[in-house]
Amino acid sequence: MTDHLVLTRPDDWHLHLRDGPVLSTVVPHSARQFARAIVMPNLVPPVTTTAAALAYRERILDAVPGGLSFDPLMTLYLTDNMAVEQIARASDSGHVLACKLYPAGATTNSDRGVTDIRNIHGVLEAMERHDMVLCVHGEVTDPRVDVFDREAVFIERVLQPLVRDFPALRVVFEHITTADAVHFVRDAPNTVAATITPQHLMYNRNALFQGGLRPHHYCLPVLKRERHRAALLEAATGGSGRYFLGTDSAPHARNAKEAECGCAGCYSGYHALELYVAAFEAAGALHALEGFASHFGADFYGLSRNTDTVELERASHVVPAAFPFDGDELVPLAAGDTLTWRLVT
Ligand code: NCD
Ligand code: ZN
């Protein structure tokens with residue numbers, strides 16, 4: 001049995017870091033594992049300009065512990081009235097790599113998102129010209145659509161037309177959760193890829209109700225049936241460059257999760273790589289981890305692969321119950337569970 005793993009240092013292609021004092025908790029966790037991360041722009045207010053993205057980037061860099069290097073790759077939040085000129089400015093900055101499409105109302109801090117994709121056709125054309133990546137939260141918000149079907153319906157209503165109308169636009173279908181999404185990406189042109197989170201590889205929707213309501217397993221898109229988890233695991237471990245690591249680590253304070261109307265988001269930033277290793281090992285696919293975690297995302301984004309490495313050892317340890325978080329606590333995914341792999345630092 002293998003008990004040491006050395007991988008090219010991975011990157012996180014979908015990460016929420018938030019802002020303010022909590023950066024000093026979450027940035028060191030990510031920087032310990034990952035060389036780079038695509039940082040989501042759903043702050044309050046959202047990051048809609050290059051100036052705001054660059055200022056946010058500096059605040060993140062200030063929270064990186066000495067001795068670690070971490071490159072935050074920034075994104076802009078698309079709104080119905082984003083000016084087309086923003087795209088050239090973002091592209092020229094060298095630090096803004098992508099724009100994020102949140103359908104208005106789909107998830108945490110998405111109220112200023114796009115109400116109709118037709119409102120951003122000009123911006124998408126400019127992104128296509130500047131070869132800027134579009135990151136997509138792929139769920140419809142139509143209240144008539146069952147919450148478990150929102151991703152599948154989004155493929156039909158929005159993604160298929162989008163990929164047809166913008167054939168040169170690179171699109172990342174973020175945090176996919178269904179077999180439908182796996183098949184869509186597999187059959188789409190090579191301008192389309194997807195990220196997969198640790199929680200969607202580890203759990204099916206039963207985890208939301210195991211012995212009671214489990215708010216720390218609640219994220220969006222919500223966990224799905226076992227057959228969808230199996231399809232995601234097969235995609236992640238199958239060696240295709242179209243699926244890569246994106247944690248969607250989304251920290252929320254305990255009181256915001258364990259509430260009458262709890263926030264969506266799982267915090268995996270502390271131990272994401274160890275969680276992915278466990279999921280890949282359980283699938284008998286450790287050999288496929290390096291491509292998924294460290295190569296395919298960089299290739300898709302057109303960046304060079306990292307040249308340094310990380311090491312993991314087989315050693316059991318318990319996921320901490322919580323971290324201090326802005327006067328409250330942050331409960332990590334799988335808190336209190338025993339993990340069998342540990343990152344060596
Ligand atoms: C994310 C957050 O909290 O910002 N929540 C989540 O459940 N994934 C937003 C998102 O990516 O949908
Ligand atoms: Zn997210």
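Predicted model only: the values in this text are computed from it and were never measured. Read the numbers this way: they start at 1 and go in the same order the structure lists the ligands and their atoms.
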Option with minimal heavy-atom separation from atom 11 (O) of ligand 1, where the choices are His16, Gln199, Met40, Glu174:
His16

Output yes when Glu139 and Arg150 qualify as a salt bridge under the 4.0 Å nitrogen-oxygen rule, no when they do not.
no

For the Zn ion (ligand 2), give me the closest N/O/S atom belonging to Asp248, just the atom name.
OD1

Is the NZ or CZ atom of Arg32 both under 6.0 Å from the centre of the six-membered ring of Tyr270 and within 45° of that ring's axis?
yes

Ligand 1 atoms in contact with Leu220 (distance to a heavy atom under 4.0 Å)
6 (C), 7 (O), 8 (N), 12 (O)

Are the side chain of Arg242 and the backbone N or O of Val192 linked by a donor-acceptor pair below 3.5 Å?
yes

For His175, the ligand 1 atoms whose distance to one of its heavy atoms is below 4.0 Å:
11 (O)

Give the atom numbers and elements of ligand 1 that come within less than 4.0 Å of a heavy atom of Cys219.
7 (O)

Counting heavy atoms only, which part of Asn109 comes closer than 4.0 Å to ligand 1: side chain, backbone, both or neither?
neither

Between His217 and Gln199: side-chain donor-acceptor atoms closer than 3.5 Å:
no

Thr75 side chain to Val39 backbone, donor-acceptor under 3.5 Å:
yes

Using a distance threshold of 2.8 Å, state whether an N, O or S atom of His175 lies below it from the Zn ion (ligand 2).
no

Carboxylate-amine/guanidinium proximity below 4.0 Å for Arg314 and Glu281
yes

Could you tell me which atoms of ligand 1, counted from 1 in the order shown, lie closer than 4.0 angstrom to a heavy atom of His14?
11 (O)

For His137, the ligand 1 atoms with a heavy-atom partner under 4.0 Å come out as 12 (O)

Check the surroundings of atom CZ in Arg118: do more than 12 heavy atoms from other residues, nucleotides or ligands lie under 6.0 Å from it?
no

Students should be able to answer this: which protein heavy-atom is nearest to atom 12 (O) of ligand 1, and at what distance?
Thr107 OG1, 2.7 Å

Ligand 1 atoms nearer than 4.0 angstrom to some heavy atom of Gly265 are 5 (N), 6 (C), 7 (O)

Between the side chains of Arg57 and Asp71, is the shortest nitrogen-to-carboxylate-oxygen separation below 4.0 Å, so that they form an ion pair?
yes

closest protein heavy atom to atom 8 (N) of ligand 1 is Asp248 OD2, 2.7 Å

Residue and atom name of the nearest protein heavy atom (relative to atom 5 (N) of ligand 1), distance in Å to one decimal:
Ala264 O, 3.2 Å

Does any donor atom in the side chain of His216 or Glu258 lie under 3.5 Å from an acceptor atom in the other side chain?
yes

Under 2.8 Å from the Zn ion (ligand 2), is there an N/O/S atom belonging to His14?
yes

Option passing ring-ring contact (aromatic ring centres under 6.0 Å, His included) with Phe292 (candidates Phe280, Trp13, Tyr243)
Phe280

Do any nitrogen or oxygen atoms of Thr108 come within less than 3.5 Å of a nitrogen or oxygen of ligand 1?
yes

Considering residues, nucleotides and ligands other than Glu128, do more than 12 of their heavy atoms fall under 6.0 Å from its CD?
yes

Looking only at distances, can you tell me whether any N or O atom of Lys100, backbone or side chain, sits closer than 3.5 Å to an N or O atom of ligand 1?
no

For Ala250, counting its heavy atoms only, list the atoms of ligand 1 lying under 4.0 Å from any of them.
1 (C), 2 (C), 3 (O), 5 (N)

Quick check: does His252 get an N/O under 3.5 Å from an N/O on ligand 1?
yes

